[in-house]
Amino acid sequence: PSPAGLRHMHRPEQDENTPSEAPSHIDGGITSVDLGDIGNDLHIEEVDHDSQHKRKVPQIHLPPRLAPNKAWEHHHRATTSFVHERLQRRRNNNIQTPISEKEMSDEERRQLLVSRTPEWKKLKQHKEEIDNIHLRELLQDRERSESMFAEHDGVYLDFSRQRANLKTLRLLRDLAMRQKLPDKMKAMMSGEKINFTEKRAVLHTALRSDPTEEIYVDGVNVVEEVHQVLDQIKSFTAGVRSGELRGYTGKRLRNIISVGIGGSYLGPEFLHEVLKTEPEGINSALGYSLRFLANVDPVDVERTCADLDPEETLIVIVSKTFTTAETMLNARTMRQWLWDFMGNDKEVVRKHMVACASVSATDKVKEFGIDTENYFFRFWDWVGGRYSVCSAAGAVPISLLYGFDLFEKFLKGAQSIDKHFMSAPLDKNIPVIMGLLGVWNHSFLGYKTRTTLPYAEALLRLPSHIQQLDMESNGKAMTKFNVEADYEVGEIDFGEPGTNGQHSFFQLLHMGQTVPCDFIGFCQSQHDLCLDGENLSSHDELMSNFFAQPDALANGKTAEEVMAEGVEGDLVPHRTFKGNRPSMSLLLPKLTAYATGQLLAIYEHRTAVQGFIWDINSFDQWGVELGKKLAMDVKDHLLKARQSDDHVIEASNPASSRILNYYVNNSRDSHACDDLSPVNPLTRVTRKTHADHAKMPPPTQHDLRGKSGRL
């Protein structure tokens with residue numbers, strides 16, 4: 001007999017009873033359809049060519065509840081519906097997703113830039129209108145002034161001294177909507193992987209979320225994990241503070257050294273500086289101390305360890321990957337310091353060193369000698385270093401010094417702003433307003449710098465934290481479309497507390513370059529003073545400057561006003577202030593842990609808003625990597641030079657070769673690691689502790705006595 005042939009059956013013709021869409025209840029619903037089975041769900045006929053008799057050979061059982069004549073139709077419609085749904089979802093879900101270079105030409109990608117939108121162009125045209133209006137005039141517009149403020153939970157933002165009017169704000173909101181700002185905000189808060197260069201979620205907000213919330217990343221409820229770690233930190237820090245957990249020699253652990261760099265250092269230090277003069281913080285920290293070791297400079301080690309008793313010191317190592325070169329060198333130095341005083345028993349490290357790192361770094365933490373069961377506190381890849389102060393990076397050192405309850409108040413303050421950020425309309429949303437005005441000042445008005453001016457000495461480290469937060473986040477040129485921005489992106493941030501800044505760089509703010517200013521003040525001081533004979537308290541004296549400086553920057557001083565004061569001739573132009581310099585003012589009730597959390601979240605979200613508008617990735621930091629790679633190459637050159645006095649360094653260019661050889665030749669005599677024998681020499685870590693200083697008698701002679709001495 002001739003071989004049998006196989007052919008596919010044609011699907012039945014559609015009749016009027018065939019449903020237009022496959023019902024979702026059929027065979028478990030549309031989402032249960034397997035696209036790989038499309039071709040297999042057909043009946044196949046075996047044809048005997050000699051007899052021409054047809055015999056049906058069932059290959060796959062049809063799903064139950066499907067009528068035989070309509071099985072293909074239902075299956076086909078379910079499949080196409082599923083595919084179309086997926087494609088549509090991909091089209092709609094393009095938030096922060098880069099466009100592949102293979103799909104578009106350079107010019108096509110440039111057409112996607114925000115600068116090519118009608119909303120951006122309208123703002124460009126509007127700038128010409130604003131250029132013709134002085135802030136002095138804008139401030140006299142009562143309707144405008146009464147509209148340009150926002151409030152939430154004690155935070156009062158006054159932005160009436162911006163070079164903007166109500167039309168400006170409307171155009172900026174139009175731009176925000178064009179850029180789908182609310183969708184991008186929601187995508188960030190819900191755990192979508194908006195960090196597209198590293199394929200990661202951005203969920204620092206989950207670190208301060210309520211335990212009842214649910215946010216899933218890769219199928220895992222991250223909120224549940226966050227609160228597991230917070231509970232672990234609470235238990236551990238309470239154990240240390242109560243004396244239940246002690247050091248290797250049985251002494252209580254009273255000193256904390258936090259070893260980290262960048263966001264692992266600046267954020268926690270800024271919070272520490274606030275809490276150490278906050279009344280509750282003062283009481284909580286009695287008997288304890290906290291120091292930060294960040295710089296790889298050995299002098300920083302000496303300054304940090306001075307006067308501390310190693311037997312009473314707990315070292316907290318903060319490094320997400322546990323590979324950060326500077327942090328790990330300092331970590332090894334701290335380990336050596338402990339060993340030098342207590343011996344190199346592995347229990348010394350297990351009792352005196354703690355790690356805050358990613359779960360992926362567990363093996364490295366264990367290899368270092370740290371107890372990963374009890375002294376290891378994890379955080380996640382979706383927490384960037386500059387956004388990590390609410391994670392274990394900040395929670396562990398701050399809770400050890402001040403107690404977990406105070407740190408929790410800080411988290412609640414940040415959470416308050418998170419909720420405001422997601423729920424308030426754009427025209428009353430404090431971080432959104434600040435972010436949009438940041439875009440206006442930088443990309444349209446052309447101001448390349450910005451300054452943060454907290455009128456509170458306890459916020460002395462806030463400008464440094466914001467500097468890293470903003471400049472590392474938005475110091476980019478490449479957009480998500482894989483083409484460089486053709487508009488200004490990323491300001492230079494700097495700042496200084498209150499009246500100190502006035503006597504440092506305010507000359508430039510008033511008469512040099514125009515620098516938009518953020519003034520931060522408080523209705524009540526952490527500690528106010530009122531001296532006998534003074535009419536105003538010290539805090540009122542401080543705040544009088546807080547209120548006066550924005551008006552001075554905005555209004556300036558005309559030549560006529562200068563001459564009215566009796567100034568004549570050539571001096572007039574030197575004492576004339578042009579004004580028209582923008583600023584905004586944030587006023588809060590009092591600088592507490594809660595208010596500090598609010599400030600942190602405001603600036604974190606402001607940074608994100610600007611990045612969303614500019615179409616850049618505010619959550620990677622590839623610019624940090626190149627210098628690290630080159631430093632490794634330089635270390636190889638230095639190692640070879642240290643091993644041979646005759647070695648001449650040949651670097652990548654003559655200039656680098658010349659300066660490296662100069663350095664080596666002029667540092668040979670003082671090099672600390674000349675002993676290259678297999679026996680590990682003692683390190684150059686400080687040998688003095690609190691005990692050494694306590695034994696030192698007071699000087700018997702000094703030159704401070706009476707009129708014959710210096711005083």
Side-chain angles (χ1 to χ4, degrees), residues 88-101 103 109 112-114 175-209 213-223 225-226 263 320 358 379-388 390-391 414 417-419 421-423 426 429 431-432 435-436 438-439 469-483 485 489-490 600-624:
Q88 187 62 36
R89 192 181 304 159
R90 286 186 181 181
R91 290 190 193 104
N92 293 337
N93 191 27
N94 63 355
I95 297 170
Q96 291 295 86
T97 303
I99 305 298
S100 172
E101 291 188 25
E103 297 176 15
R109 281 184 275 120
L112 297 172
L113 293 174
V114 63
L175 178 66
M177 296 308 295
R178 173 70 181 222
Q179 290 296 91
K180 299 181 180 178
L181 178 60
D183 292 342
K184 293 176 180 179
M185 291 158 55
K186 183 178 180 182
M188 180 180 74
M189 301 284 279
S190 62
E192 292 188 31
K193 296 184 179 180
I194 63 171
N195 178 353
F196 52 81
T197 61
E198 298 177 300
K199 296 181 173 60
R200 292 175 180 171
V202 177
L203 275 175
H204 47 279
T205 52
L207 300 170
R208 56 249 191 172
S209 58
E213 294 182 43
E214 293 184 352
I215 304 173
Y216 286 87
V217 175
D218 297 329
V220 177
N221 181 8
V222 299
V223 175
E225 289 195 339
V226 164
K320 186 159 69 174
S358 170
F379 53 104
W380 301 267
D381 289 339
W382 39 260
V383 180
R386 56 193 176 275
Y387 297 94
S388 67
C390 294
S391 73
I417 296 299
D418 292 342
K419 292 179 178 178
F421 183 56
M422 288 307 300
S423 62
L426 297 187
N429 194 311
V432 168
L436 292 178
V439 171
L469 170 68
D470 205 73
M471 293 173 68
E472 193 168 88
S473 294
N474 291 339
K476 316 281 171 65
M478 188 60 61
T479 67
K480 69 176 184 179
F481 306 115
N482 293 334
V483 63
V489 172
L600 174 83
I602 285 170
Y603 281 98
E604 286 179 344
H605 294 319
R606 180 192 73 172
T607 296
V609 166
Q610 293 189 216
F612 290 149
I613 298 298
W614 285 326
D615 278 328
I616 60 176
N617 185 358
S618 298
F619 309 104
D620 63 9
Q621 56 279 334
W622 298 106
V624 179

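The basis for the numbers below is simple: all heavy atoms, side chains too, and nothing from hydrogens, waters or symmetry mates.
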- Query: Are Lys193 and Asp218 ion-paired here, with the side-chain N under 4.0 Å from a carboxylate O?
  - Reply: yes
- Query: Is it true that Lys199 and Asp381 make a salt bridge, defined as a side-chain N closer than 4.0 Å to a carboxylate O?
  - Reply: no
- Item | Partners passing salt bridge (Lys or Arg N to Asp or Glu O under 4.0 Å) against Glu225 (at least two apart in sequence or in another chain) | none
- Task: Would you mind reporting whether Thr479 and Arg109 have side-chain heavy atoms less than 4.5 Å apart?
- Result: no
- Item | Residues which pass ring pair (Phe, Tyr, Trp, His ring centres under 6.0 Å) with Tyr387, listed by chain and number, not counting sequence neighbours | His204, Phe619
- Can you name the salt bridge (Lys or Arg N to Asp or Glu O under 4.0 Å) partners of Arg208, sequence neighbours left out? Asp418, Glu604
- Query: Is there side-chain contact between Asp615 and Phe481, with at least one heavy-atom pair below 4.5 Å?
  - Reply: yes
- Measure the shortest side-chain to side-chain distance between Asn429 and Phe421 over non-hydrogen atoms and say whether it is less than 4.5 angstrom. yes
- Task: For residues Val432 and Met185, determine if any side-chain heavy atom of one lies less than 4.5 Å from a side-chain heavy atom of the other.
- Result: yes
- Message: Can you give me the closest heavy-atom contact between Pro431 and His605, atom names plus distance?
- Response: CB-CB, 3.5 Å
- Message: Which heavy atom of Asn474 sits nearest to which heavy atom of Ser618, and what is that distance?
- Response: OD1-OG, 2.6 Å
- Query: Is Arg178 close to Val114 at the side-chain level, that is, under 4.5 Å between some pair of heavy atoms?
  - Reply: no
- Query: Can you name the closest pair of heavy atoms from Arg386 and Glu472 and give their distance?
  - Reply: NH1-OE1, 2.8 Å
- Message: In the structure I gave you, are the side-chain heavy atoms of Leu207 and Trp380 within less than 4.5 Å of one another anywhere?
- Response: yes
- Task: Measure across Thr607 and Ser473 and return the closest heavy-atom pair with its distance rounded to 0.1 Å.
- Result: CG2-CB, 3.4 Å
- Taking the side chain from Lys476 and the backbone from Ile616, do they hold a donor-acceptor pair closer than 3.5 Å? no
- Do you know the tightest heavy-atom contact between Trp382 and Ala201? CB-O, 3.2 Å
- Is there a donor-acceptor pair closer than 3.5 Å between any side-chain N or O of Asn617 and the backbone N or O of Asn195? no
